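Remember, it's a predicted structure, so these values are computed and weren't measured experimentally. Per chain, numbering begins at 1; letters A, B, ... match sequence-line order.
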There are 2 protein chains.
Amino acid sequence: MNTPALTTLTAVPEGKVISFESIRVACRNCTLMTLCLPLGLAPEDVERLDSIVRRNRPLHRGDFLFQSGDRFRSLFVVKTGSVKTFAQSPEGGEQVLGFHLPGEIIGLDAIDKDAHVCSAKVLETSAVCELPFGRLEELSVTIPSLQHQMYRLLSKEIAHETEMLLLLGKKSAEDRLATFLLSLSQRFRKRGLSPTDFYLSMSRHEIGNYLGLAVETVSRLFTRFHEEGLLKVDRKHIQLTNLDAIEAMVIRAPVEEFRRRIS
Amino acid sequence: MNTPALTTLTAVPEGKVISFESIRVACRNCTLMTLCLPLGLAPEDVERLDSIVRRNRPLHRGDFLFQSGDRFRSLFVVKTGSVKTFAQSPEGGEQVLGFHLPGEIIGLDAIDKDAHVCSAKVLETSAVCELPFGRLEELSVTIPSLQHQMYRLLSKEIAHETEMLLLLGKKSAEDRLATFLLSLSQRFRKRGLSPTDFYLSMSRHEIGNYLGLAVETVSRLFTRFHEEGLLKVDRKHIQLTNLDAIEAMVIRAPVEEFRRRIS
DNA sequence: CGCATAGTTGAGGCTCCTCAATAGCCGTGG
DNA sequence: CCACGGCTATTGAGGAGCCTCAACTATGCG
């Protein structure tokens, strides 16, 4: 079941000899990074949690983690790369629900019905950990702090969705794209990656779908942001040259909204 | 702490003599209805859960269950009446996050930060149960099935928010109001109330705020739905005279959307 | 009865979508 | 090597939907 942990070693020079122990440690550390940051457990419990994690081999663009309707077995944690989740209609169209970056957990919405209610597709070559949920539940019975962290994790997801709800319900196209870029920036920063210089693994089409905007609108906004000096954009490569201004847009937006809606 | 359970007896004729036992049982049953439906526990565990529930005296329009920033202590379950949750800006404006009907739980988004991230205000005279979360967590350590139900509850909330996300991101004003009305209808039905004949406890302003629409748009839509024979509306009193047509609108909407967004 | 608030209705404008055409990128194959 | 088709992204013109502003009506409360 547990595939050996080569998934974390893409940066290792070819031909270099590596001990089995060093692989195990590297993988452990990677798992620690991605799981324990959100879960915040004590070291000895991390050990026990680690023992139930499955490390699958790397996935490639277009691979599915799961599809809507699949029986729910595991949560997934992105280690490297990115994954999109989406709901799909019988006709083959889709609605993007989220983009998931390293350290983020996928599948929390499937616990209730014991079946996945959306699909998860890999956007670029990615490493993903699998957490069998049954095992996780068993473990959380014996580790109260794990249980507490699970509650927090689920609660955080709810609070996050609430923010998205505000975004889509109230904000202009401009604010939506700014919020999206700022969110990416902050999530990259949290993972030690550059918050101002990154590649978008998703298409303009997917961004528009996610934000409730037409592709053309997204494209025009990128152009306008570029002209206004907020960022440099070359196809999928983004450089945020004026992060403050983008933050200001996002912060300011709700204030204006609220001013109009005084009851 | 535990206020006597007169909250559930509003229908009892004045002057009628009631034994203490009958009050206790009535209240227990009410709690059972509201809590165990979503939680789905075994009877003996329900007993234990019931023992930690606080039954507060009835609340009135404008009362707060909690305000944004308050320390998180308890979840709340609406027994009768209705409650709205909203985020507010320093300027005093607000953004409605949800309307909560009998049987529904409030406060799940506060677990993560151990503080409330939104405020909850009572819309009409309401009875609300309080579940001290610390006690609930302790209990869920000793009752694995309660833990499982808690996970399900939180997961269900995430899935629900996801649906709202689709609603606000993609649907027309017409579809939003139809979805809103259908949601109310289904939730009333689930609680044994009429799914086609009910009073709105919230203002047009609050509905518009919730759905991301201007008050005027909401008003115009009610008029149009009335003209089209979908419903009868007299101020806050709503009668859905063609529930099928409303369902058809909601179902059909995503299909058209998806057709346009084929990748 | 008068004021404040909630709700309705109309006119006009802005934002964003739709449709359509063009330009860039990439793999395939001549 | 370039040609070609397919796909993604960009840009422009026009239009639909919803918001804004404003006036008016209805309701409730002192």
- Query: Rounding to a whole Å, what distance do you find between A:L211:CG and C:dC17:P?
  - Reply: 10 Å
- OP1 or OP2 of C:dT9 sitting under 4.0 Å from any side-chain N/O of B:T223? yes
- From the options A:D244, A:L181, A:L177, A:D175, select the one residue that forms a side chain to side chain contact (heavy atoms under 4.5 Å, CB included) with A:M249. A:D175
- Let me know the distance between CZ of B:F222 and P of C:dT8, rounded to the nearest Å. 8 Å
- Message: Among residues at least two apart in sequence or on other chains, which ones pass ring-ring contact (aromatic ring centres under 6.0 Å, His included) with A:F66?
- Response: A:F76, A:H116
- Residues that A:R61 engages under side chain to side chain contact (heavy atoms under 4.5 Å, CB included), provided they are two or more places apart: A:L123
- Counterpart residues, side chain to side chain contact (heavy atoms under 4.5 Å, CB included), relative to A:H237 (two or more places apart): A:D197, A:Y199, A:Q239
- Query: Could you state the CG-P distance from B:L221 to C:dT8, rounded to the nearest angstrom?
  - Reply: 11 Å
- Message: Quick check for you: among C:dC16, D:dT10, D:dC18, whose closest atom lies nearest to any side-chain atom of B:A173?
- Response: D:dC18
Tabulated below should be each protein N or O lying under 3.5 Å from an N or O of nucleotides 5-7 of chain D; please produce it.
none

- Query: Taking CD1 from B:I238 and C1' from C:dG7, how many angstroms apart are they, rounded to a whole number?
  - Reply: 13 Å
Could I get a table of every N or O pair under 3.5 Å where one atom is in the protein and the other is in nucleotides 20-27 of chain C?
none

- Nearest-Å distance, NZ (B:K171) to C1' (D:dC18)? 18 Å
- Look at the side-chain N and O atoms of A:S172 and state whether any lies under 4.0 Å from the OP1 or OP2 oxygen of C:dT15. no
- Please name all residues satisfying ring-ring contact (aromatic ring centres under 6.0 Å, His included) with B:F198, sequence neighbours left out, ordered by chain then number. B:F188
- Note on the structure: Here the distance between atom P of D:dG17 and atom CG of B:L177, to the nearest Å, is 17 Å
- Note on the structure: Residues at least two apart in sequence or cross-chain that pass salt bridge (charged side-chain N to carboxylate O under 4.0 Å, His left out) with A:E161, listed by chain then number, are none
- Message: Can you tell me which nucleotide in C:dT8, D:dA9, D:dT10 comes closest to the side chain of A:K236?
- Response: D:dA9
- Query: Are there more than 12 heavy atoms of other residues, nucleotides or ligands under 6.0 Å from atom NZ of B:K236?
  - Reply: yes
- B:L168 CG to D:dG17 P: how many Å, rounded? 19 Å
- Does B:R204 or A:T217 map to a spot on DNA chain C nearer the 5' end, using the closest nucleotide for each? B:R204
- Which part of the nucleic acid, if any, lies within contact of B:S203, taking any heavy atom under 4.0 Å across all strands shown: a base, the sugar-phosphate backbone alone, or nothing? sugar-phosphate
- Is a donor-acceptor contact shorter than 3.5 angstrom present between the side chain of B:R220 and the base of C:dG7? no
- Message: Just the rounded figure in Å: distance from P of D:dT8 to CE of A:M202.
- Response: 15 Å
- Mind checking what makes side chain to side chain contact (heavy atoms under 4.5 Å, CB included) contact with B:R220, not counting sequence neighbours? B:E216
- Message: Between B:S183 (side chain only) and B:T179 (backbone N and O only), is there a donor and an acceptor less than 3.5 Å apart?
- Response: no
- For A:T223, the side chain to side chain contact (heavy atoms under 4.5 Å, CB included) test, sequence neighbours excluded, returns A:E227
